[in-house]
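Shown next, in structure tokens, is the structure this report addresses.
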2 protein chains.
Amino acid sequence: MRNNDGNLVFERTPYISGYASVVGKKEGEGPLRDYYDRIIHDSYAGKDTFEQAESELMNTAVRVALNKGEFTQHDIDLACCGDLLNQCVASSFAMRSYAIPYAGVYGACSTMALSMILSATAIESGAAKRAVCAASSHYCTAERQYRFPLEYGSQRPPTAQWTVTGSGACILEKAGDSHNLLNHHTELKSNIPPSSGDDPLLKENHRESQTPYLHSARLGRIIDFQITDQNNMGAAMAPAVVKIGIKNNGIKHGIKP
Amino acid sequence: MRNNDGNLVFERTPYISGYASVVGKKEGEGPLRDYYDRIIHDSYAGKDTFEQAESELMNTAVRVALNKGEFTQHDIDLACCGDLLNQCVASSFAMRSYAIPYAGVYGACSTMALSMILSATAIESGAAKRAVCAASSHYCTAERQYRFPLEYGSQRPPTAQWTVTGSGACILEKAGDSHNLLNHHTELKSNIPPSSGDDPLLKENHRESQTPYLHSARLGRIIDFQITDQNNMGAAMAPAVVKIGIKNNGIKHGIKP
């Protein structure tokens with residue numbers, strides 16, 4: 001793995017060997033409805049509180065991702081999970097039913113990216129061969145957490161954002177280690193050169209097998225423009241996106257702001 | 001780096017090249033008072049709220065750690081920080097004044113260990129040469145968060161634990177990269193063998209120069225015995241310590257439970 005002036009370039013091509021998305025009713029009625037693994041119509045997901053429901057979404061997403069990848073929990077070396085709740089309770093309660101070494105992360109909207117970056121770093125270091133990454137949110141818990149409990153019946157401005165009810169999970173895996181890999185992937189196992197992230201053959205193989213993999217990443221830093229409108233959290237995040245995501249990172253990759 | 005059945009063995013001997021501790025009044029009156037870098041007698045640390053005070057403790061700890069290591073923020077590739085507050089606000093507000101790529105972590109009492117493990121993993125992978133790890137807590141914010149706001153004047157049982165008011169920070173660094181290293185350390189820079197974690201020479205050098213370094217680590221998993229006594233959180237953590245820390249890890253290292 002190279003750190004190219006803040007751009008982390010992965011050399012073991014950590015790729016996604018299992019994934020799942022579990023969403024709520026509203027998401028299940030949207031244009032992406034055919035792509036979700038589970039649509040749960042009950043906001044409580046059969047539990048007593050919205051927070052327990054969110055935890056259940058993540059628990060289900062991890063279970064489905066493991067199943068789709070044909071893994072058991074014992075195949076996984078690391079879980080990197082987070083959510084928006086106090087003390088990341090959705091994640092820790094979701095993951096207590098799995099016997100997987102656990103790292104809680106908090107990145108707000110960037111939690112899924114953060115968990116994938118840290119998991120890929122662990123894979124690059126040799127700490128893990130396979131890691132599960134997961135993040136969750138729930139409209140009803142986020143409203144309580146960041147604005148007002150729904151029970152208050154507060155009015156929201158028409159432009160207010162709507163937090164997703166759902167959880168996504170994926171299994172990240174070191175190239176060459178999966179029982180799911182195509183043969184020509186397996187051949188790469190024994191000797192992946194340090195520059196394999198830019199290896200045209202490896203890229204071609206990934207493309208052929210339709211396996212998404214992590215090429216590079218850049219960890220953000222905190223840029224605060226003192227935005228305090230709780231109904232417009234996008235504005236709070238935009239400066240970091242411009243500074244880190246577009247100006248620093250995009251230009252290096254030939255993307256114009 | 002090797003993952004030996006869950007024991008992560010570091011091979012680049014990530015070592016501590018800067019550190020600081022900043023504590024509150026009560027800690028500053030205790031038996032360790034001579035070892036702290038700063039003792040802040042004002043519970044508010046000159047701020048308006050206890051939460052802002054906690055954030056200030058971490059900000060100070062990171063600044064002092066950088067200074068003691070003779071680093072600037074631009075020498076650091078990664079910050080891995082966490083605390084006990086909702087959405088890890090102490091950490092994110094503390095770190096917004098540093099231009100360092102930031103990963104928020106949540107591990108409750110294990111936050112400092114978690115941030116050091118993830119930072120060391122990043123160093124092992126090549127993602128970072130130097131990382132700052134930090135964690136904080138504050139008696140007054142923790143009481144509000146986990147029990148009752150102090151303003152209520154609730155009575156606590158005499159056996160209730162007392163959350164530390166303080167923050168610790170350290171700089172973890174890949175062996176051989178520091179301008180602070182002794183000469184015989186620097187000689188090791190160019191060619192650290194994969195097994196250097198067990199290299200007696202390297203160990204000897206570390207011991208000679210009194211530089212603490214990370215040898216190995218084990219990430220815990222969540223073990224829940226349904227303890228709900230908010231005044232005895234130690235009982236909630238004990239099962240994981242026994243299972244992961246002593247039974248799994250200790251025995252491997254010849255430590256008897």
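In what follows, every chain begins at residue 1, and chains take the letters A, B, ... in the order their sequences are listed. The shown structure was predicted, so the numbers you read here are calculated from the model rather than taken from an experiment.
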Greatest number of heavy atom pairs closer than 4.5 Å to chain B - which of A/A127, A/A79, A/G126 = A/A127

Engaged part of A/I123 at the chain B interface, taking heavy atoms whose separation is under 4.5 Å | neither

Can you tell me how far the OG atom of B/S125 sits from the CZ atom of A/R2, to the nearest 0.5 Å?
-> 12.5 Å

Specify the closest pair of heavy atoms between A/T121 and B/A122, including all atoms of both residues, with the distance to one decimal.
-> CG2-CA, 3.5 Å

Separation between CG of B/D77 and CG of A/L8, rounded to the nearest 0.5 Å | 9.0 Å

Value for CG (A/L114) from OH (B/Y102), rounded to nearest 0.5 Å, stands at 9.0 Å

Roughly how far apart are B/M95 CE and A/I222 CD1, rounded to 0.5 Å?
-> 7.0 Å

Inspect the surroundings of CZ in A/R147 and state if more than 12 heavy atoms from other residues, nucleotides or ligands are less than 6.0 Å away.
-> yes

Quick one: what part of B/I117 sits under 4.5 Å from any heavy atom of chain A, side chain, backbone, both or neither?
-> neither

CG of B/L118 to CG of A/L78: how many Å apart, nearest 0.5 Å?
-> 7.5 Å

Among the options B/A99, B/C80, B/S91, pick out the one with the most heavy-atom pairs lying under 4.5 Å from chain A.
-> B/A99

Look up atom CD in B/Q145 and atom CG in A/N86, then write down how far apart they are to the nearest 0.5 Å.
-> 6.0 Å

Side-chain heavy-atom pair B/Y146, A/Q87 within 4.5 angstrom cut-off = yes

